[in-house]
Amino acid sequence: VAFQGAAALRVHFDARCKLLEAPQSTLTLALDEGLHQVIGRYSGGASNFRPLLIHANKFFYEFRSNVRQPADQQQQPPRNHGWGWRFHAMPLLGLQWLREAHVLTDA
């Protein structure tokens, strides 16, 4: 996810986010494509998916799930493993503070 010219990115997760607990299902956000500089790793219920401010103009994400339906249950409806995930990334443009006082007064 990239926004040219953004000073930072705000990531907001859907209130319905729900995954199985790690390690069964995880959503990973990172600063690099190889996922070595991890920003956040998410699993479980909606309370684990907190808004995030990324001080960069791009990030990468990966969803992994190792949940499989047993072979003898392939013809049956799948069990409910959670809702899933969704996020919105919004660019923050023109952020520039030269002194701490500027942050406090939003000048």
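- Residue Gln24 comes nearest to Glu21 through the heavy atom pair OE1-O, 2.7 Å, listed as atom of the first residue, atom of the second, then distance.
- Applying the ring pair (Phe, Tyr, Trp, His ring centres under 6.0 Å) criterion to Phe59, with sequence neighbours excluded, gives Phe87.
- For the residue pair Thr26/Arg41, the side-chain donor-acceptor check at 3.5 Å is not satisfied.
- Counting only heavy atoms from C-beta outward, the side chains of Asp14 and Trp85 never approach each other to under 4.5 Å.
- Clustering ILVMFWY residues whenever any of their side-chain heavy atoms sit less than 4.5 angstrom apart, transitively, puts Met90 in a cluster other than the one holding Leu29.
- Atoms CG and CD, from Asn57 and Gln4 in turn, are 5.5 Å apart once rounded to the nearest 0.5 Å.
- Put simply, the side chain of Asn48 gets close to the backbone of Ser43: a donor and an acceptor are under 3.5 Å apart.
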Go through Thr28 and Ile39 one step at a time and tell me if the side-chain contact (heavy atoms from CB on, under 4.5 Å) criterion holds. CA-CA 8 Å; Thr28 303; Ile39 303 165; over 6 Å; no

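- Annotation for Tyr61: atom OH does not count as buried by contact number, only 12 or fewer foreign heavy atoms lying within 6.0 Å.
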Under the side-chain contact (heavy atoms from CB on, under 4.5 Å) criterion, do Lys18 and Arg16 qualify, and how do the steps go? CA-CA 6 Å; Lys18 183 179 179 184; Arg16 297 171 291 178; over 6 Å; no

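- In this structure, Leu35 shares a hydrophobic cluster with Phe60, the cluster being traced through Ile, Leu, Val, Met, Phe, Trp and Tyr side chains under 4.5 angstrom apart.
- Sorted by first then second residue, the ring pair (Phe, Tyr, Trp, His ring centres under 6.0 Å) pairs that include residues 17-41, not counting sequence neighbours, number zero.
- Atoms OG and CG, from Ser25 and Leu20 in turn, are 4.5 Å apart once rounded to the nearest 0.5 Å.
- Between Leu31 and Ala56, the shortest heavy-atom contact is CD2-CB, 3.9 Å.
- The shortest heavy-atom contact between His55 and Ala8 is CA-CB, 4.2 Å.
- When hydrophobic clusters are built by joining Ile, Leu, Val, Met, Phe, Trp and Tyr residues whose side-chain heavy atoms come closer than 4.5 Å, directly or via intermediates, Phe49 is grouped together with Val1.
- Ring geometry for Tyr42 versus Phe13: interplanar angle of 30 to 60°, hence tilted.
- Proximity of a side-chain donor or acceptor of Asp32 to a complementary backbone N or O of Gln37 within less than 3.5 Å is detected.
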